[in-house]
Number of protein chains: 4
Amino acid sequence: MKFIPVLYIMTLKSKYEFKIIIEVQRMMTKRISLKETQRKERERLILDYAEKALLEKGYYDMNMDEIAMGVGVAKGTLYLHFPKKEDLVYTLVEPKMQSFLKSVEEAKALPVSPKEKLEFLLNRELSGAFFQLLMKSSPDMTTIFKSREAEVNDILPKIFSGIHDMLSEGIREGLFDPELPVEFMSSAFINLFEPHLYKEMVEVRKMPLQVFNSHLSNLFFRGIMDTKETN
Amino acid sequence: MKFIPVLYIMTLKSKYEFKIIIEVQRMMTKRISLKETQRKERERLILDYAEKALLEKGYYDMNMDEIAMGVGVAKGTLYLHFPKKEDLVYTLVEPKMQSFLKSVEEAKALPVSPKEKLEFLLNRELSGAFFQLLMKSSPDMTTIFKSREAEVNDILPKIFSGIHDMLSEGIREGLFDPELPVEFMSSAFINLFEPHLYKEMVEVRKMPLQVFNSHLSNLFFRGIMDTKETN
Amino acid sequence: MKFIPVLYIMTLKSKYEFKIIIEVQRMMTKRISLKETQRKERERLILDYAEKALLEKGYYDMNMDEIAMGVGVAKGTLYLHFPKKEDLVYTLVEPKMQSFLKSVEEAKALPVSPKEKLEFLLNRELSGAFFQLLMKSSPDMTTIFKSREAEVNDILPKIFSGIHDMLSEGIREGLFDPELPVEFMSSAFINLFEPHLYKEMVEVRKMPLQVFNSHLSNLFFRGIMDTKETN
Amino acid sequence: MKFIPVLYIMTLKSKYEFKIIIEVQRMMTKRISLKETQRKERERLILDYAEKALLEKGYYDMNMDEIAMGVGVAKGTLYLHFPKKEDLVYTLVEPKMQSFLKSVEEAKALPVSPKEKLEFLLNRELSGAFFQLLMKSSPDMTTIFKSREAEVNDILPKIFSGIHDMLSEGIREGLFDPELPVEFMSSAFINLFEPHLYKEMVEVRKMPLQVFNSHLSNLFFRGIMDTKETN
DNA sequence: TATGAATGAGACTTCATTCAT
DNA sequence: CATGAATGAAGTCTCATTCAT
């Protein structure tokens, strides 16, 4: 059992003491909980809460106090897991970049056409992991990532070159317009993961994800298609 | 005993089932009570220092840096106790107003003559709590308390009307001069708490408080006495 | 003719220029206006405006910008007349103290009873010059006057001792209660000039000044009267 | 020509007769125009520097000290031009939104096909003013603009609906794929202004702007083209 | 190990005062 | 002389981070 006191006193005029306990129980208390498991779990909780906060408020408006309170741990505990605010955020972003990279590599390895490879990537990553790109795009993140330049520069270029390869392959196979520079295509492809369109269509207008994906994929592939092949 | 737990849950992750127990209790656990005691002590230290500073220098010339330094804590610590400078000062003034009001009400309830009621009030409050009136009188305070208008307007009018009532009672009973407007009397009575006279006589010239009080009370009651009654 | 541009632009969205001229004409353009006269006049305007501001807002909430704007001169011009904000305020207060002192001395010299002397003083100064005492009482002023200690200490003691003398005279003549310390009486007398009572009665409740004065004088003199004389 | 003189007289001494002349005129007097020019110039310098800082570091990492230093003025001077940090940034963003809106309206009014209208818009605004969208997209900006909600909500919806109209027109004329929701198209169109692609291609890889534009326009219009019309 | 009170650097902003025009 | 833009010291307040318990 764990206690999570979440307390926000608005204007306390009383001279008396009080203690508020919010008792949080897990849905299933399986008791397999070794210390390390607990640690991981808490880390998960922190990261989940932080992700939401980051997306909603941005790096600067999300503060450590709020996260500690939201997760139900002390601020000090946060710092046991993540020595810097920056670390917390980077820990959030890094696995998303890794997962994206993994998807890129899986896509590349598929025994299908380049177009289908890219569509696979789009389907796989659209719904969740394009997070990092949002992050990378925010000017804040640029600042934050400066201190992680080495690590970031290990992952992102691999992602870009993977995409680049699939697009080049498509050009070589006469599928994609050879007059469009590959870099242009790849940047535009990356842009598809940009969260605004997704948010607007899927979250606000409730367009089913599959429909959204198919529109997006149509838009892009028609756009880069080699139209001379139809002649 | 009165408990005011004000709970404001901001955004709790919802993967868990919540059971909320609001357990309100007096200081019992040693650990907590110790901390809480320390907290109170520190708050006392801050308030004491701030009161001195406020009286000596006024609201604007007293600055948070100086208070922090004087108390021996960091600036941030001050803000842990009092979110705004204003709050610090208001916390200083509010209990004095409350105490004054309480004394007024006690005085009113006494089964003695109006004159004795007012004398009781004078004796009770002269030595300490007339602070608020100094405050209210300074033009700064008027400005500062604008944001606390509601609270101030809850207390002060009660004080004034309480005094007004006792004076009216005295007039009806033929003790006080009916030709003096009650408002005049009550303003003059309030003026007795003005700290200059007190400071000069009691603090500077070391007049015993009781002597000071009796002079003051003499001065006032002779002043407002209905002299025609002797005819 | 003089131009006083008083301009407060709220949210200017226009890309165009504009100039606003407020032309202020004197009621009677006597053209006797030597430079020095103009200078004096402006100084008068500044002081008048500053006095109002000081009374309404206190020392810190009244700012030089506002005064300059209110008077219709540039901020720099203010500083030609008064090198420091402090100087401006002191220039405001000083003549009031002087005038008060003069009245005290006139009162003392009158060939009438001490009570009548003090009543003369009350009548003379109540309506205007008790200003300085308000000032002296505000904690701000204490700070400000620190830099003028020498000057202030030249005037105020004379005032107090003048009043002291008249009261002592009254005691010697058997008019005032010999059991009340003279210092107590004099402080209480000074307190009569405290502006709250005046404001409340005369300004808010529109009590005629003469009535107010007579009440005040009644209150005080009955209060300090030697009641044994009636025996 | 439009003049917006907004006059707010705060408390003018009333011993004088006033004649108020509101004389509105264009820059004529050399002196004033000189000063005004200087003012404008300095404001330009500040805005330029701030824009750079904002783009590089984001709202929170750009600080007023740094900008003042960078521009070579004192911090106070900054606040002479822009009362709040927010104002500085909004002043940066607002004209870009306005210019974009204007371009949208011009585009709509052109006597050409919807596709050509949108291409005109793309050509016109790509190189400079898509700034606002970057801004609007950053989570910070969402926060910042909360205080300007009214103003922002006056401009942005007009932009979106203008684009929406041109796209709908295109669908009606059988140019654009009727199976793609207009909202999808318009969001995708807006996305074209997203600065990453531009930066990468034009600024980093030095692709000529016209080439970049033509690629972009190709990509988009092929993407949304109604392909069934060729049948 | 977990806590949360304490810290203090640093951000924004104000305003008395100066000074070039 | 008069002006008012420019200055910068100083104040309030926030929040990432530390550390004694």
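Labels below follow one simple rule: chain letters A, B, ... track the order of the sequence lines, proteins then strands, and each chain is numbered from 1. Values below: every heavy atom of this structure, side chains too, minus hydrogens, waters and symmetry copies.
- Among the protein residues, His81(B) comes within range of the sugar-phosphate backbone only, with heavy atoms under 4.0 Å from sugar or phosphate atoms but none that close to a base.
- Taking atom CG of Leu88(D) as the reference point, atom C1' of dC12(E) lies 13 Å away to the nearest angstrom.
- Between the CZ atom in Arg44(A) and the OH atom in Tyr49(A) there is a gap of 15.5 Å [rounded to 0.5 Å].
- Position along DNA chain F of the nearest nucleotide to Thr77(C) versus Gly72(D) favours Thr77(C) as the more 5'-ward residue.
- Residue Gln38(D) contributes atom CD, which lies 19 Å from atom P of dT3(F) at whole-angstrom precision.
- Projected onto DNA chain E by closest heavy-atom contact, Gly76(C) and Leu80(A) fall at different nucleotides, the more 5' of which corresponds to Leu80(A).
- Using a 4.5 Å cut-off on side-chain heavy atoms (C-beta onward), Glu41(A) and Leu45(A) make no contact.
- At whole-Å resolution of the value, NZ in Lys85(D) and P in dT13(E) are 8 Å apart.
- Between the side chains of His81(A) and Arg42(A), a donor-acceptor pair is found at a separation under 3.5 Å.
- Ionic pairing of Asp87(D) and Arg148(D) is present here: one or more N-O contacts between side-chain nitrogen and carboxylate oxygen are shorter than 4.0 angstrom.
- Straight-line distance from the NZ atom of Lys84(D) to the C1' atom of dT14(E): 10 Å, rounded to whole Å.
- In this structure dT12(F) sits in a base pair with dA11(E), meeting the Watson-Crick or G-U test at under 3.5 Å.
- In this structure, CD of Glu66(D) is placed 14 Å from C1' of dC12(E), rounded to the nearest angstrom.
- Under 3.5 Å, the side chain of Lys75(B) and the base of dG11(F) form no donor-acceptor pair of N or O atoms.
- At whole-Å resolution of the value, CD in Glu41(D) and C1' in dA5(F) are 15 Å apart.
- Put simply, Arg42(C) has a side-chain N or O that comes within less than 4.0 Å of OP1 or OP2 on dA2(F).
- Salt bridge present: Lys57(A) and Glu66(A) bring a charged side-chain N and a carboxylate O closer than 4.0 Å.
- Mapping Asp65(D) and Asn63(C) onto DNA chain E by nearest heavy atom places Asp65(D) at the nucleotide closer to the 5' end.
- Nucleotide dC12(E) holds its C1' atom 13 Å from the CG atom of Asp87(D), rounded to whole Å.
- We find that OH of Tyr79(A) is positioned 13 Å from C1' of dT7(E), with the value rounded to whole Å.
- In this structure, dA5(E) forms a base pair with dT18(F), meeting either the Watson-Crick or the G-U wobble geometry with both donor-acceptor distances under 3.5 Å.
- Comparing atom distances between the Ala74(C) side chain and each of dT3(E), dG8(F), dG4(F) picks out dG4(F) as nearest.
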